[in-house]
2 protein chains.
Amino acid sequence: MERDVSANSRLTIAAHALTWIGLYQRRGYEVATSEQIATSVNTNPVVIRRLLAELRKAGLADSRRGAGAGWMLTRDLAAITLLDVYRAIEPGPLFALHPATPDPECVVGHGIGPVMAAVYDEVEAALRGELAKTTLEDVLRDVLKAA
Amino acid sequence: MERDVSANSRLTIAAHALTWIGLYQRRGYEVATSEQIATSVNTNPVVIRRLLAELRKAGLADSRRGAGAGWMLTRDLAAITLLDVYRAIEPGPLFALHPATPDPECVVGHGIGPVMAAVYDEVEAALRGELAKTTLEDVLRDVLKAA
DNA sequence: GCCGTCGTAACAACTATCGTTACGACCAGG
DNA sequence: CCTGGTCGTAACGATAGTTGTTACGACGGC
């Protein structure tokens with residue numbers, strides 16, 4: 001499967017960006033620029049802007065334009081869980097069913113779809129439950145503890 | 001994110017193939033051909049052979065060559081969990097860390113990697129725990145119940 | 001008006017998945 | 001021994017997601 005070398009660092013980067021903004025604001029600054037965040041993440045500012053645009057749609061962040069522009073959080077780090085971030089970047093299903101509908105004449109082909117879908121639903125629920133346990137405040141605390 | 005439209009149906013297809021073989025053997029046949037399985041799954045036999053080759057490496061299935069060739073299970077459906085299948089197809093990590101190492105001068109950039117990795121470890125453990133709850137016998141039972 | 005920043009489109013590079021064709025390797029049965 | 005069916009596997013193409021990059025218009029304090 002090799003789920004990816006070219007893979008899913010979106011949740012990591014989104015959490016990194018929000019945590020960075022949170023710490024920056026806690027130090028008294030009003031807004032953080034995509035350039036500053038990109039420097040910490042070590043990527044291109046456009047990547048940050050794209051990702052933060054999705055987080056803004058989900059209500060986790062907001063941006064200001066014009067001079068003195070930049071990004072800010074809409075609520076405290078303690079009020080944002082990794083599940084919120086996960087939902088904001090709208091990942092597709094973890095597992096997919098068949099690309100082509102299996103043979104309906106076959107007992108297995110006919111019935112296995114819903115059975116696997118039910119399992120996948122529970123797996124996703126477990127995954128979301130785990131992500132909900134951690135807030136960005138927890139992340140920041142652990143990050144500062146490690147330093 | 002759209003984890004995939006072109007995505008991960010490998011677990012679905014692997015479970016389908018093994019369940020099909022299991023049912024076929026239960027009906028008295030010794031081996032199933034990749035062509036038969038492919039018909040039920042509605043795909044190309046090569047796709048099935050490729051996937052079953054990985055399951056064979058993991059010890060879940062075996063093949064016989066020559067005339068009267070085909071595939072068989074190495075143990076009962078009840079002794080194979082979806083976690084076994086998941087491990088057999090060797091999915092890469094669910095979430096990746098940063099593609100490029102973040103700025104080590106930055107507190108967040110320096111410390112967030114291990115923190116996220118710890119979270120991801122727990123998430124994967126939860127996912128595996130859920131997959132371990134279901135055996136292919138369970139899958140077959142539910143499939144037959146639905147019919 | 002200027003200038004810095006966002007907003008977004010467009011493109012390339014890379015990778016994984018899925019389907020397909022092709023062909024050699026293998027082996028039971030005649 | 002040879003034949004026919006099946007596996008084993010390489011090779012391609014199509015499709016699509018992610019990441020990085022350039023480019024340029026839109027916005028709005030100053």
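The sequence lines fix the lettering, A, B, ..., with proteins before strands; numbering per chain opens at 1.
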Kindly state which residues belonging to residues 13-26 of chain A come within less than 4.0 angstrom of DNA chain C, counting heavy atoms of the residue only, listed by number. none
Would you state whether a donor and an acceptor, one from the side chain of A/Arg64 and one from the base of D/dG29, lie under 3.5 Å apart? no
Nearest-nucleotide pick for A/Pro99, side chain only, options being C/dT17, C/dC18, D/dT19: C/dC18
What is the distance, rounded to the nearest whole Å, between atom CG of B/Leu52 and atom C1' of D/dT9? 14 Å
Between A/Val41 and A/Val46, is there shared hydrophobic-cluster membership here, with clusters defined by ILVMFWY side-chain heavy atoms closer than 4.5 Å? no
Using the ring-ring contact (aromatic ring centres under 6.0 Å, His included) criterion, which residues pair with B/Tyr120? Sequence neighbours excluded. B/Phe95
Any idea how A/Tyr29 and A/Tyr24 line up, ring-wise: parallel (<30°), tilted (30 to 60°), or perpendicular (>60°)? parallel
Can you find a heavy atom in the side chain of A/His110 that is under 4.5 Å from one in the side chain of A/Pro102? no
The nucleotide from D/dC7, D/dG20, C/dC6 with an atom nearest the side chain of A/Val47 is D/dG20
Sequence-aligned protein contact record of nucleotides 23-28 of chain C, with B where the base is within under 4.0 Å of a protein heavy atom and S where only the sugar-phosphate is: -BBBBB
Can you tell me which residue among B/Asn8, B/Ile48, B/Asn42 is in a side chain to side chain contact (heavy atoms under 4.5 Å, CB included) with B/Ile13? B/Ile48
Gap between atom CZ of B/Arg56 and atom CH2 of B/Trp71 - 0.5 Å precision: 4.0 Å
Presence of B/Ser63 side-chain N/O under 4.0 Å of D/dG8 phosphate oxygens OP1/OP2: yes
Less than 4.0 Å between a side-chain N and a carboxylate O, is that true for A/Arg26 and A/Glu137? yes
Rounded to whole angstroms, how far apart are NZ on B/Lys57 and C1' on D/dT9? 11 Å
Working for side chain to side chain contact (heavy atoms under 4.5 Å, CB included), residues A/Ile37 and A/Leu52: CA-CA 11 Å; A/Ile37 302 168; A/Leu52 285 178; 3.9 Å; yes
Of residues 35-46 of chain A, the positions that come close to DNA chain D - non-hydrogen atoms, cut-off under 4.0 Å: A/Thr43, A/Asn44, A/Val46
If you group Ile, Leu, Val, Met, Phe, Trp and Tyr by side-chain heavy-atom gaps below 4.5 Å, do A/Val31 and B/Val108 land in one group? no
Are the side chain of A/Thr74 and the backbone of A/Leu60 linked by a donor-acceptor contact shorter than 3.5 Å? yes
Grab the NE2-P distance between A/His98 and C/dT17 for me, whole Å please. 17 Å
Can a side-chain donor-acceptor contact be found between A/Thr12 and B/His98 if the only test is distance below 3.5 angstrom? no
Nearest-nucleotide pick for B/Ala69, side chain only, options being D/dT6, C/dT17, D/dG20: D/dT6
Output the rounded distance in Å from CG (B/Leu55) to C1' (D/dC7). 15 Å
Between D/dT18 (P) and B/Phe95 (CZ): distance, integer Å: 12 Å
Heavy atoms from C-beta onward define the side chain here; which of C/dC18, D/dT18, D/dC7 lies closest to that of A/Asn8? D/dT18
It should be established whether B/Thr33 places a side-chain nitrogen or oxygen under 4.0 Å from OP1 or OP2 of nucleotide D/dG5. no
Atom OG1 in A/Thr135, atom CG in A/Asp84: separation rounded to 0.5 Å? 10.0 Å
Quick one: A/Leu51 CG to D/dT18 P, roughly how many Å, whole number? 11 Å
Could you report the tightest heavy-atom contact between A/Val85 and A/Ala14, atom names first, then the distance? CG1-CB, 3.5 Å
Could you state the atom-to-atom distance from CE of A/Met72 to P of C/dT5 in whole Å? 14 Å
Would the distance check show the side chain of B/Glu122 and the main-chain N or O of A/Glu130 forming a donor-acceptor pair, the cut-off being under 3.5 Å? no
Contact list for DNA chain D against residues 119-128 of chain B - heavy-atom distance below 4.0 Å: none
Is there a donor-acceptor contact under 3.5 Å from the side chain of B/Ser40 to the main chain of A/Asp103? no
Quick one: does any side-chain atom of A/Glu35 pair with a main-chain N or O of A/Pro45 as donor and acceptor, under 3.5 Å? no
DNA chain D: 5'-proximal contact among B/Gly70 and B/Ala100 (nearest heavy atom): B/Gly70
Taking all atoms of both residues into account, what is the closest heavy-atom pair of B/Ile89 and B/Leu51, and its distance? CG2-CD1, 4.0 Å
In numerical order, the residues of residues 104-115 of chain A whose heavy atoms come under 4.0 Å of DNA chain D are none
For atom CZ of A/Arg56 and atom C1' of C/dT5, their distance in whole Å: 13 Å
